[in-house]
Amino acid sequence: MKNESFFDKGYKKAYLELSNGIKLEGKAIGADVSVSGEMVFNTGMLGYSEAMTDPSYWGQILVFSFCLIGNYGIPFPENGDFFSSQGHESSSIKTQGIIVSDIYSGCHHHDRGISLEDWMKKQDVPGIAGIDTRYLVQTIRESGNLWGRIVPEGAKPQNKSKFEFLKHFEDGEYVDPSKFNLMPSVSTKERQIIGRGSKKVAVIDCGAKWNIMRMLIERGCEVEVLPWDTDFSTVKCDGWVISNGPGDPKNTADLVERIKKDVLTSNKPILGICLGHQLLALASGAKTKRLSHGHRSHNQPVFSLPDKKAYMSSQNHRYAVEKNSIQAGWELWFENANDDSVEGLKHKTKPFMSVQFHPEASSGPNDTSWIMDKLVGLL
């Protein structure tokens with residue numbers, strides 16, 4: 001079958017305008033709207049639907065470095081129950097838009113499904129094809145903090161009601177979502193109990209990926225998913241997970257104080273993941289900082305300490321815990337093999353631990369899924 005790429009079809013022009021002054025021309029794909037967001041990238045050959053539905057990418061423009069995206073289509077999110085729909089990490093696309101080198105417009109997914117572009121159109125998400133994405137990834141890495149605008153020719157402005165933080169920005173302005181508290185936009189609105197088991201894990205939803213809940217249920221746990229602003233003193237559980245999510249951990253209102261007051265003092269097992277790792281570190285008294293170069297990709301190497309075992313991990317974050325701020329009673333558990341930054345913490349005497357990467361990554365390396373086993377073993 002002939003590859004149905006954008007080169008075979010009559011797409012109109014679109015421009016990627018970057019905050020460093022660079023302007024790139026490509027072909028408009030997906031919805032016919034203009035958007036802006038933080039520029040980030042992903043190096044995976046597969047897992048594009050998982051990445052695009054990951055709430056950690058909320059408000060970001062995602063660049064796929066691999067040469068062809070969309071080659072197997074998108075699985076229908078209706079398959080399975082709310083937390084069992086494989087291929088999706090939430091109920092909708094969370095990226096502002098995507099940039100690809102080439103897009104396949106067909107669909108050959110074993111779960112029926114639709115094409116990537118049709119899915120984008122249905123969810124009003126634009127993109128650009130025909131750009132040298134490997135060059136663009138290098139530009140993002142070298143520029144540090146970089147924002148962009150996707151501007152299809154003649155496109156309408158984005159509907160600002162889709163993302164709450166957009167009301168703070170004017171049309172045509174470069175959007176930095178991390179300036180605002182994004183928790184109300186990505187967290188569940190009501191407490192939900194899913195799964196059955198002898199042990200109950202409370203997941204503080206800061207933009208949790210569905211695979212966190214899937215893995216806990218598969219390990220025989222009952223899970224209660226909590227809104228980010230829950231009164232944690234009212235929660236009865238055997239252990240806690242503080243989930244991944246988008247934005248600056250310091251722009252989360254009083255969440256850190258409530259974790260310190262009610263979660264840490266419960267003395268029950270805790271696992272913080274990505275943003276949850278940073279929030280747990282802040283609650284312990286440590287500090288966080290914005291990295292000059294964020295960690296993006298499916299192949300970030302990390303070392304566990306003190307044994308110095310190497311693992312490959314999936315990551316997407318701009319902020320990190322400051323190593324020299326780790327408090328007494330806590331110790332470094334993982335560090336990044338590339339820049340020695342903090343990748344994990346654990347308490348010396350209590351069952352508290354956290355990782356900056358994603359042990360639940362369904363679309364990336366599974367080297368560290370044992371961390372979920374470790375949590376369940378502590379309950």
Side-chain angles (χ1 to χ4, degrees), residues 37-66 69 88-90 93-100 125 133 136-137 139-141 143-148 175-178 182-183 185-186 205-212 242-249 251-252 272-279 288-302 311-321 334 336-339 341-344 354-368 371:
E38 182 184 9
M39 298 298 302
V40 300
F41 61 84
N42 185 293
T43 58
M45 295 172 60
L46 309 174
Y48 44 84
S49 63
E50 289 92 339
M52 291 171 67
T53 55
D54 180 352
S56 294
Y57 285 107
W58 187 264
Q60 298 176 334
I61 294 175
L62 178 57
V63 179
F64 289 101
S65 66
F66 189 64
I69 297 296
H88 296 263
E89 293 291 1
S90 68
I93 299 176
K94 296 300 188 291
T95 54
Q96 289 277 68
I98 66 168
I99 309 295
V100 300
V125 175
T133 55
L136 187 52
V137 166
T139 301
I140 294 170
R141 286 286 299 156
S143 300
N145 301 323
L146 187 66
W147 294 268
V175 170
D176 180 3
S178 64
L182 303 179
M183 297 299 98
S185 299
V186 295
D205 182 6
C206 305
K209 292 167 64 176
W210 284 0
N211 216 42
I212 294 175
I242 310 172
S243 86
N244 65 289
D248 185 341
N251 283 341
T252 52
I273 298 174
C274 197
L275 177 67
H277 155 75
Q278 299 161 8
L279 293 168
T288 57
K289 61 181 179 181
R290 187 178 177 105
L291 296 170
S292 58
H293 297 84
H295 294 165
R296 322 284 184 190
S297 73
H298 284 181
N299 53 359
Q300 284 283 334
V302 299
Y311 301 92
M312 299 304 290
S313 67
S314 178
Q315 300 192 24
N316 172 40
H317 66 99
R318 171 69 68 186
Y319 296 87
V321 176
F334 291 92
N336 192 285
N338 291 326
D339 62 9
S341 60
V342 176
E343 292 284 356
S354 63
V355 289
Q356 181 62 78
F357 48 87
H358 290 274
E360 82 296 343
S362 60
S363 61
N366 295 318
D367 286 22
T368 57
I371 291 172

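These numbers come from the heavy atoms of this one structure, side chains and all, not from hydrogens, waters or symmetry mates.
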What are the two closest heavy atoms between Phe41 and Tyr57, and how far apart are they?
-> O-OH, 4.3 Å
Side-chain donor/acceptor of Glu89 to backbone N/O of Asn211, under 3.5 Å = yes
Using the side chain to side chain contact (heavy atoms under 4.5 Å, CB included) rule, take Ile99 and Ile61 through it: C-alpha gap first, then chi angles, then the decisive distance, then the call.
-> CA-CA 7 Å; Ile99 309 295; Ile61 294 175; 3.9 Å; yes
Distance (rounded to the nearest 0.5 Å) between Met183 CE and Trp58 CH2 | 10.5 Å
Does the side chain to side chain contact (heavy atoms under 4.5 Å, CB included) test come out yes or no for Leu62 and Asn42, once each step is laid out?
-> CA-CA 7 Å; Leu62 178 57; Asn42 185 293; 3.8 Å; yes
Audit row: Lys94, Glu50, salt bridge (Lys or Arg N to Asp or Glu O under 4.0 Å) steps and yes/no | CA-CA 10 Å; Lys94 296 300 188 291; Glu50 289 92 339; over 6 Å; no
Are Phe334 and Phe357 close enough that their ring centres sit under 6.0 Å apart?
-> yes
When rounded to the nearest 0.5 angstrom, what distance separates CG in Asn299 from CE in Met312?
-> 5.0 Å
Report the residues that fulfil side-chain contact (heavy atoms from CB on, under 4.5 Å) with Ser65, sequence neighbours left out, ordered by chain and then residue number.
-> Thr43, Val137
Hey, what do you get for CD1 (Ile98) to CD1 (Ile93), rounding to the nearest 0.5 Å?
-> 8.0 Å
Look only at the side chain of Asn244 and the backbone of Gly207, and say whether a donor-acceptor pair between them is shorter than 3.5 Å.
-> yes
How far apart are the C-alpha atoms of Val40 and Val63, what are their side-chain angles, what is the distance that settles it, and do they pass the side chain to side chain contact (heavy atoms under 4.5 Å, CB included) test?
-> CA-CA 6 Å; Val40 300; Val63 179; over 6 Å; no
Taking side-chain hydrogen bond (donor to acceptor under 3.5 Å, both in side chains) as the test, write out the residues that go with Gln315, two or more places apart.
-> His295, Ser313, His317, Glu343
Looking at Ser243, Pro249, Ser56, which hits side chain to side chain contact (heavy atoms under 4.5 Å, CB included) with Leu275?
-> Pro249
Partner set under side-chain contact (heavy atoms from CB on, under 4.5 Å) for Phe66, not counting sequence neighbours | Met45, Ile69
Where do Gly294 and Arg318 come nearest, in terms of heavy atoms and distance?
-> N-NH1, 3.1 Å
Asn336 side chain to Ser341 backbone, donor-acceptor under 3.5 Å = no
Sorted by chain and number, sequence neighbours left out, side-chain hydrogen bond (donor to acceptor under 3.5 Å, both in side chains) with Ser354 holds for His277
For residues Leu136 and Met39, report the shortest heavy-atom separation together with the two atoms involved.
-> CD2-CE, 4.3 Å
Sub-4.5 Å side-chain heavy-atom contact between Thr252 and Leu279 | yes
Atom of Lys209, atom of Asp54 and distance for their closest heavy-atom approach = CG-OD1, 3.4 Å
Could I get the full list of side-chain hydrogen bond (donor to acceptor under 3.5 Å, both in side chains) partners for Arg290, not counting sequence neighbours?
-> Asn145, Ser178, Tyr319
Would Gln300 and Asn338 satisfy side chain to side chain contact (heavy atoms under 4.5 Å, CB included), going step by step from the backbone distance to the final call?
-> CA-CA 8 Å; Gln300 284 283 334; Asn338 291 326; 3.7 Å; yes
To the nearest 0.5 Å, how far apart are CG in Asn316 and CD in Gln356?
-> 10.0 Å
Heavy-atom pair with the smallest gap, counting every atom of Trp147 and Glu38 = CD1-CA, 3.6 Å
Compare every heavy atom of Cys206 with every heavy atom of Val186, then report the nearest pair and how far apart it is.
-> CG2-O, 3.3 Å
side-chain hydrogen bond (donor to acceptor under 3.5 Å, both in side chains) filter on Ser185, not counting sequence neighbours, yields none
Any side-chain heavy-atom pair from Arg296 and Arg141 closer than 4.5 angstrom?
-> no
Under 3.5 Å donor-acceptor, Ser314 side chain and His358 backbone = no
